Amino acid sequence: MACIGPALALAAPPGYSPHADVVWPARVLWGDTHLHTANSLDARLLGLTLDVEDAYRFARGEQVIATSGQPARLARPLDFLVVSDHSDALGVMDRLLGGDPALLEHDELRTIHDGIKAGGDAAIEAMQSIGEVLYGDSTVPLQNPAIIRATWESYVETADRFNEPGRFTALIGYEWSPTESGDKLHRNVLYRGGADTARRLLPFTANDSINPQDLWKWMQRYEEETGGRVLALAHNGNLSNGQMFPVESNPNTGAPIDAEYVSTRARWEPLYEVTQIKGDGEAHPYLSPEDEFADFETWDRGNTSMETLKTPGMLQYEYAREALKNGLKLERTLGANPYRFGMVGSTDSHTALATAEENNFFGKFPTVEPMAGRMIPPEVDMEEPVMWQARELGASGYAAVWATENTRAAIWDAMQRREVYATTGPRLTVRFFGGWDFSADDASFQKLAASGYARGVPMGGSLHPNGGQQAPAFLVGALKDPLSGNLDRIQIVKGWLDAEGATHERIFNVAWGDAHRRTLEPDGTLPPVGNTVDVPAASWANSIGDAELVGFWRDPEFDASQPAVYYARVIEIPTPRWTAYDARYFGDEPVDGTTMILQERAYTSPIWYSPANDGRLGSHRSCALRMRVGNFARRYEGVEGTTPNIGTACAGDECCPAGQARKR
């Protein structure tokens, strides 16, 4: 008799309920992984008064009073929140502006305190000197260890108090914020555990080092000393001036990118924040000129200080799609893919209010909370060239997580395995699976998850050669947000690497609304869905598009010898942007060039295909993971830095990087 694996051997006959014993993630969880409170130096400097408790209360659906004195509330609660205040000078600015006597003993700090209180030019000068703290080269004594320690202790204790497994998850985190000369290389660090482990080591700061490799060393140290787990996600590559996703040389050392860099980054950074208030980072029209949706909430003037203006040569090192393609190239030459990341959205709001709704947008700082004329003047009135104006801020975005339950561990594990996606705000439900033997019969929401988990991998997973000649197939589905626009289309974006080492991309329309009146053109493009937006009324009609889209797609250009990466992009029909709501509510007349209409969207984490003979240094070794899914088993392919899914067992630590990591 043939040997049968334990999961299959124990499989019972199916019962009446199709949902009994199902252990795959059945409900998507919504949250923000990037929110600031008054503990952040810059937020407090610009007037924020709301604290960590206010942020949690707002995220879980309670009404709070914003810094500007207005009541604020979400239409629907979030499921989780990461308060990610800047680690540099954590909590110190709040104490300084409150007149802490110990801080005021320092002449420099008293000058800053008095200047801010005086306002005008003195306040501007004080703000400029404080900004250097985030650049990592400040001599201002704001790095007060005692205050930072007390603030961190209070924060992690508050997170534990608001953490309610099954109802609301308060993930612990912080933002490491190196901004040398205005180039952003920021990362958020997210903890799997609670205060008991997080308090044992103070967060890493830009004044400790502005080199991401030193952050990764700190993360390694944290795990070794505490037994806890952490991961990092970078953001705002569009403000890094070509440094976020290096390919040829390491911008921090000038040395060539090497195997150690790519493998270490792959280990610690499984996620990327692809959309937020300071612009969208999926694609750029210069890099993807044939992509009609690439020019979306684009910020490309320069870095945050405007010391160096943007040049076209910087762009390929700033955007997610290009990084995903370049990661294939680095994996071939160096043995690991540093840009094998999942994609999430978040706000980066410095108001303590996680708002990503166009009609409920409270801006980035308290200085641009809802008020008449806020979309007209520059956001910060300083003498330097203006990086952005308030009207260019985007009401984006949220992180969607396919976790098995609403707990810290389950959400963190889903992030680590990249079973996540980004939206620009609307809460679209999106599924994306890759496999070898899907068929068009699987393309229905009734079958999508069962088929996808049973015979394929979800978003964030990897496909390896199956020994046959068939191309990989994909199942993708999306349900509209009940409070937002209908769906225009679902696209699959493919990137690949040819034999000569050149990268390519192509976008395929897979499913679309109003299929009775729209068909694909011979070149694969699709006519626009139309536009029902009434800008003066800040309204639209869901008379175009569809509420649900689902599709089956097999790669028609597949070459088994070429590494490839695939992700889904879901586009809504046009709806009013926050600027249209402001114009209607306040009676403002928008200045020329103000965007009033947008097409909200979602980006899934990718699925990768790796040829068996692609020259990788062992990173193709798979870890056989078994997952009981209802009354059958499915196979997960382990990848560098992943942890086994719920209900899985690792075939052996000798083949599983996650198992090796746990042995440290």
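Just so it is clear, the model here is predicted, and its values are computed rather than measured.
Relative orientation of the H186 and H86 rings is perpendicular, given thresholds of 30° and 60° on the angle between their planes. Ring geometry for Y191 versus W218: interplanar angle over 60°, hence perpendicular rather than tilted (30 to 60°). Under the 30°/60° scheme for interplanar angles, the aromatic rings of Y421 and W402 are found to be tilted.
Of all the heavy atoms in G485 and T575, the pair that sits closest is CA-CG2, 4.0 Å. Considering all non-hydrogen atoms of both residues, R60 and F168 come closest at CB-CD1, 3.8 Å. When every heavy atom of A390 is checked against every heavy atom of V368, the shortest pair comes out as CB-CG1, 3.8 Å. In terms of heavy-atom proximity, L103 sits nearest to L96 at CD1-N, 3.6 Å. Closest of all the heavy-atom pairs between R321 and Y567 is NE-OH, 3.0 Å. Summarising the geometry of L271 relative to F341, their closest heavy-atom pair is C-CB, 3.9 Å, with the distance given to 0.1 Å.
Under the 4.0 Å criterion applied to side-chain N and carboxylate O atoms, D280 and R601 are not assigned as salt-bridge partners. Taking the charged nitrogens against the carboxylate oxygens, E157 and R161 have no contact shorter than 4.0 Å, which rules out a salt bridge. A salt bridge between D79 and R427 is absent, with no side-chain N of the basic residue lying under 4.0 Å from a carboxylate O of the acidic one.
Defined by atom type and a distance below 3.5 Å, a donor-acceptor pair is missing between the side-chain atoms of T351 and E369. Of the N and O atoms on the side chains of T579 and T594, not one donor lies less than 3.5 Å from an acceptor on the other residue. A side-chain donor-acceptor contact under 3.5 Å links S346 and T33. Side-chain atoms of T424 and E600 form a donor-acceptor pair, as typed in the model, at a separation below 3.5 Å.
Heavy-atom contacts from other residues, nucleotides or ligands closer than 6.0 Å to CZ of F445 number more than 12. For CZ of R57, the number of neighbouring non-hydrogen atoms (other residues, nucleotides, ligands) closer than 6.0 Å is greater than 12.
Taken from NE2 in H36 to OG in S84, the straight-line distance is 4.5 Å, to the nearest 0.5 Å. In this structure, the separation between CG on D88 and OG on S40 is 10.0 Å, given to the nearest 0.5 Å. Atom CD of E392 is separated from atom OG1 of T298 by 10.5 Å, given to the nearest 0.5 angstrom. Atom CD1 of residue I573 and atom OG of residue S484 lie 8.0 Å apart, to the nearest 0.5 angstrom. Atoms OH and CG, on Y339 and L324 in that order, are 11.0 Å from each other to the nearest 0.5 Å. The OG atom of S396 sits 13.5 Å away from the CH2 atom of W578 when rounded to the nearest 0.5 Å.
At a threshold of 4.5 Å between non-hydrogen side-chain atoms, the residues L598 and E358 count as touching. When side chains are defined from C-beta on, F296 does not count as touching E282, because their heavy atoms never get closer than 4.5 Å. Looking only at side-chain heavy atoms (C-beta outward), I571 and R569 come within less than 4.5 Å of each other. For the pair P370/Q70, a side-chain contact is recorded, criterion being any heavy-atom separation below 4.5 Å from C-beta on. A 4.5 Å side-chain heavy-atom check between F162 and E53 finds at least one atom pair inside the cut-off. Contact annotation: the side chain of L35 approaches that of T347 to within less than 4.5 Å [non-hydrogen atoms, C-beta and beyond]. The closest side-chain heavy-atom distance from I148 to T151 is not below 4.5 Å. Residues F80 and V401 are in side-chain contact: their nearest non-hydrogen atoms beyond the backbone lie under 4.5 Å apart.
When atom types are taken as modelled, the side chain of N188 and the backbone of L233 share no donor-acceptor pair closer than 3.5 angstrom. In this structure a side-chain-to-backbone donor-acceptor pair under 3.5 Å is present from R149 to R199. Side chain of T67 to backbone of T49: a donor-acceptor contact under 3.5 angstrom is found. Between the side chain of N163 and the main chain of A170, a donor-acceptor pair closer than 3.5 Å is present. Between the side chain of K184 and the main chain of H235, no donor-acceptor pair closer than 3.5 Å is present. A distance-only check finds no donor-acceptor pair linking the side chain of W152 to the backbone of P203 [under 3.5 Å]. Put simply, the side chain of S87 gets close to the backbone of F204: a donor and an acceptor are under 3.5 Å apart. For the pair D32 (side chain) and L81 (backbone), a donor-acceptor distance under 3.5 Å is absent. With hydrogens and angles ignored, the 3.5 Å screen pairs no side-chain donor or acceptor of R418 with any backbone N or O of G342. A distance-only check finds no donor-acceptor pair linking the side chain of E273 to the backbone of N236 [under 3.5 Å].
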Worksheet entry | Residue pair R431, V550: steps toward the side-chain contact (heavy atoms from CB on, under 4.5 Å) verdict | CA-CA 9 Å; R431 291 279 200 184; V550 62; over 6 Å; no
Worksheet item: Yes or no on side-chain contact (heavy atoms from CB on, under 4.5 Å) for D160 and I172, after CA distance, side-chain angles and deciding distance?
Response: CA-CA 9 Å; D160 273 12; I172 292 173; 4.3 Å; yes
Item to complete: Check the pair W176 / M219 against side-chain contact (heavy atoms from CB on, under 4.5 Å), numbers first and verdict last.
Response: CA-CA 12 Å; W176 175 69; M219 296 170 72; over 6 Å; no
Discussion item. Is there a side-chain contact (heavy atoms from CB on, under 4.5 Å) between M459 and M343? Walk through the geometry before answering.
Written reply: CA-CA 10 Å; M459 60 182 77; M343 293 193 279; over 6 Å; no
Practice prompt. May I have the step-by-step check of ring-ring contact (aromatic ring centres under 6.0 Å, His included) for F58 and F362, ending in yes or no?
Written response: CA-CA 12 Å; F58 181 80; F362 271 70; 7.3 Å; no
Fill in: ring-ring contact (aromatic ring centres under 6.0 Å, His included) evaluation trace for Y453 with F433
CA-CA 8 Å; Y453 284 110; F433 297 94; 5.0 Å; yes
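Qualifying salt bridge (charged side-chain N to carboxylate O under 4.0 Å, His left out) partners for D51, counting only residues two or more places apart in sequence or in other chains: none. Listed by chain and number, the residues in a salt bridge (charged side-chain N to carboxylate O under 4.0 Å, His left out) with E548 amount to none (sequence neighbours excluded). Partners of R577 by salt bridge (charged side-chain N to carboxylate O under 4.0 Å, His left out), not counting sequence neighbours, listed by chain and number: E297.
Between R187 and the choices Y174, W268, W216, the side chain to side chain contact (heavy atoms under 4.5 Å, CB included) rule is met once, by W216. Screening D42, T37, T367 against H350 for a side chain to side chain donor-acceptor pair (under 3.5 Å) leaves a single residue, D42. With V570 as the partner, the side chain to side chain contact (heavy atoms under 4.5 Å, CB included) test is satisfied by one option alone out of L549, T429, I490: I490.
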